[in-house]
Amino acid sequence: MALHTRDGGFVMPNAWDGLSALMLADAGFEAIATSSAALAATLGRSDGRHEVTRDEHLEHARLLGRLTGLPVNGDFEDGYGDTVEDVAATVEAAVESGLAGIGIEDTSGNPDQPIRDFDEAVSRVRSAVDAAKGRIVVTGRTDNFIQGRPDLDDTIRRLTAFAEVGADVLYAPYPPDLDALEAIVTAVAPTPVNVLVSPADEVLTVAELQKAGVKRISVGPFLYVHAMGALEQATKALVAGDLASATTGISFERISELLASGKN
């Protein structure tokens, strides 16, 4: 929690494999996170539909931590289970796997009703906190905004309730604008708030987000998306017969250097 309470907070980028994790560690980041969306994509699956299992995500998170020696926050969707007991079991497994943090969303995995009812969502975060026993940082997250429910009042209500049952960090991806973000930060203070990149309407700088009171900035799948964008451009060059453009990038010497820096 120390990173969340210091002046300015910190940036916590999301890795998707061993090499990306090592690259982030080499760049000097103090903590990293998994991305459920990026992990699912690397496996050829969809995010948020329980297509990646808890054990697969745990194994992935252990790899990132083992290679880098950094604290790892697990983006564990809804806690991998229908019941509060399932959520508690997931938190316990995350603790045993050496994770430093875990996120619990109010999503359901059901596209027809993607957000769980208020009382159920709060009960699941409470179960996570009770299971954590202070051994792992618990982030309570509502996905109202990214699930087409632009209700700021309900979002604040949920985040406030998550804080009241003991969540260490609060998170509502993509508030509509800076005013909404500042309203969230003010409403839940002093509990730290995580932001995914920025509000929905404008990408701000780290300094601007910190001025708004944000304590943790994550990037979700967007480093992965950036890398895949470069790959798509390279494949287009290859199709066009441009071998030179298709084969630029990081050198194998650099890859070997990064791999050699791993902790395992």
Give the intermediate values and the outcome of side chain to side chain contact (heavy atoms under 4.5 Å, CB included) for residues Leu181 and Leu209.
CA-CA 9 Å; Leu181 173 58; Leu209 290 170; 3.8 Å; yes

With salt bridge (Lys or Arg N to Asp or Glu O under 4.0 Å) as the test, would you mind laying out the steps for Asp47 and Arg49 before giving the verdict?
CA-CA 6 Å; Asp47 182 38; Arg49 296 291 181 264; over 6 Å; no

Side chain to side chain contact (heavy atoms under 4.5 Å, CB included) between Asp143 and Ile146, worked out:
CA-CA 6 Å; Asp143 276 7; Ile146 61 175; 3.5 Å; yes

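Every residue meeting the salt bridge (charged side-chain N to carboxylate O under 4.0 Å, His left out) condition with Glu30, not counting sequence neighbours, appears here in chain and number order: Arg6. By the side-chain contact (heavy atoms from CB on, under 4.5 Å) test, Thr235 pairs with Leu231, Glu232, sequence neighbours left out. Judged as a side chain to side chain donor-acceptor pair (under 3.5 Å), and not counting sequence neighbours, Glu51 has no contacts. Evaluation of the salt bridge (charged side-chain N to carboxylate O under 4.0 Å, His left out) rule for Arg149 yields Asp154 as partners, not counting sequence neighbours. Residues passing the salt bridge (charged side-chain N to carboxylate O under 4.0 Å, His left out) test with Glu77: none are found, sequence neighbours excluded. Taking Ala89 as the reference, Arg54 meet the side-chain contact (heavy atoms from CB on, under 4.5 Å) condition, with sequence neighbours excluded. Evaluation of the side-chain contact (heavy atoms from CB on, under 4.5 Å) rule for Ala183 yields Leu152, Ile156 as partners, not counting sequence neighbours. Under the rule for a salt bridge (charged side-chain N to carboxylate O under 4.0 Å, His left out), the partners of Arg124 that lie at least two apart in sequence or sit in another chain are Asp78. Scored by the side-chain contact (heavy atoms from CB on, under 4.5 Å) test, Thr155 finds Thr142, Asn144, Phe145, Leu159, Ala172, Ile184 as partners (sequence neighbours excluded).
Considering every non-hydrogen atom in both Asp86 and Asp82, the closest pair reads OD2-N, 3.1 Å. In terms of heavy-atom proximity, Val52 sits nearest to Arg45 at CA-NH1, 3.8 Å. Minimum interatomic distance between Val129 and Ala167 (heavy atoms only, all atoms of both residues): CG2-N, 3.6 Å. When all heavy atoms are compared, the tightest approach of Ala234 to Ala246 is O-CB, 3.4 Å. Minimum heavy-atom separation, Pro221 to Ala38: CB-N, 4.2 Å. Closest of all the heavy-atom pairs between Pro114 and Gln147 is CB-OE1, 3.3 Å.
Counting heavy atoms from C-beta on, the side chains of Leu39 and Thr42 come closer than 4.5 Å. Thr34 has its side chain within reach of Leu64: a pair of non-hydrogen atoms, C-beta onward, lies under 4.5 Å apart. Side-chain contact between Asp168 and Thr191 is absent, with no heavy-atom pair separated by less than 4.5 Å. Looking only at side-chain heavy atoms (C-beta outward), Asp117 and Gln113 come within less than 4.5 Å of each other. Annotation: side chain of Val193 is not in contact with side chain of Val169 (no heavy-atom distance under 4.5 Å). Between Ile255 and Ile250 the shortest side-chain heavy-atom distance falls below 4.5 Å. A 4.5 Å side-chain heavy-atom check between Leu24 and Thr68 finds every atom pair outside the cut-off. Phe29 has its side chain out of reach of Met12: every pair of non-hydrogen atoms, C-beta onward, lies at least 4.5 Å apart.
Leu70 and Leu22 fall into different hydrophobic clusters, where Ile, Leu, Val, Met, Phe, Trp and Tyr side chains are chained together by heavy-atom contacts under 4.5 Å. In the hydrophobic clustering of this structure, Met23 does not group with Leu223; members are Ile, Leu, Val, Met, Phe, Trp, Tyr whose side-chain heavy atoms approach within less than 4.5 Å, directly or through other members. When the side chains of ILVMFWY residues are joined at heavy-atom separations under 4.5 Å, either directly or via intervening members, Met1 and Leu99 end up in two distinct hydrophobic clusters. Under the 4.5 Å side-chain contact rule for hydrophobic residues, Val219 and Val195 share a cluster. Side-chain heavy atoms closer than 4.5 Å link hydrophobic residues (I, L, V, M, F, W, Y) into clusters, and following such links, even through other members, never connects Val137 to Ile104.
Among residue pairs with one or both ends in residues 161-219, none qualify as ring-ring contact (aromatic ring centres under 6.0 Å, His included); sequence neighbours excluded. The ring-ring contact (aromatic ring centres under 6.0 Å, His included) pairs that include a residue from residues 217-245 are Trp16-Tyr224, where partners are two or more places apart or lie in different chains. Residue pairs satisfying the side-chain hydrogen bond (donor to acceptor under 3.5 Å, both in side chains) criterion with at least one member in residues 194-220, sequence neighbours excluded, are listed as follows: His4-Arg216, Thr139-Arg216, Asn194-Arg216, Asn194-Ser218, Thr205-Glu208.
Tested against Phe10, the residues Val206, Ile217, Leu3 include a single side-chain contact (heavy atoms from CB on, under 4.5 Å) partner, Leu3.
Side-chain atoms of Thr107 do not come within 3.5 Å of backbone N or O of Gly109 as any donor-acceptor pair. Side-chain N or O atoms of Asn73 include one that pairs as donor or acceptor with a backbone N or O of Ile102 at under 3.5 Å. Within the 3.5 Å criterion, the main-chain N or O of Glu182 finds a donor-acceptor partner in the side chain of Thr186. A donor-acceptor contact shorter than 3.5 Å is absent between the side chain of Ser245 and the backbone of Asp242. Judged purely by atom type and a 3.5 angstrom limit, Arg135 uses its side chain to pair as donor or acceptor with the backbone of Ala131. Listed for the Asp106 side chain is no donor-acceptor partner under 3.5 Å among the backbone atoms of Ile115.
With rounding to the nearest 0.5 Å, the separation of CG in Leu238 from CD in Gln233 is 13.0 Å. The CG atom of Leu63 lies 12.0 Å from the OG atom of Ser97; values are rounded to the nearest 0.5 Å.
A donor atom on one side chain and an acceptor atom on the other are not found under 3.5 Å apart for Ser35 and Asp75. No side-chain donor from either of Ser127 and Asp130 sits under 3.5 Å from a side-chain acceptor of the other. A donor-acceptor pair shorter than 3.5 Å cannot be found between the side chains of Arg116 and Ser108. No hydrogens or angles considered: a donor-acceptor pair under 3.5 Å links the side chains of Thr53 and Glu56. Remark: the His50 side chain and the Tyr80 side chain contain no N/O donor-acceptor pair separated by less than 3.5 Å.
Salt bridge status for Glu59 with Arg62: absent, with no side-chain N to carboxylate O gap under 4.0 Å. In summary, Asp153 and Arg158 do not engage in a salt bridge, as defined by a charged side-chain N under 4.0 Å from a carboxylate O.
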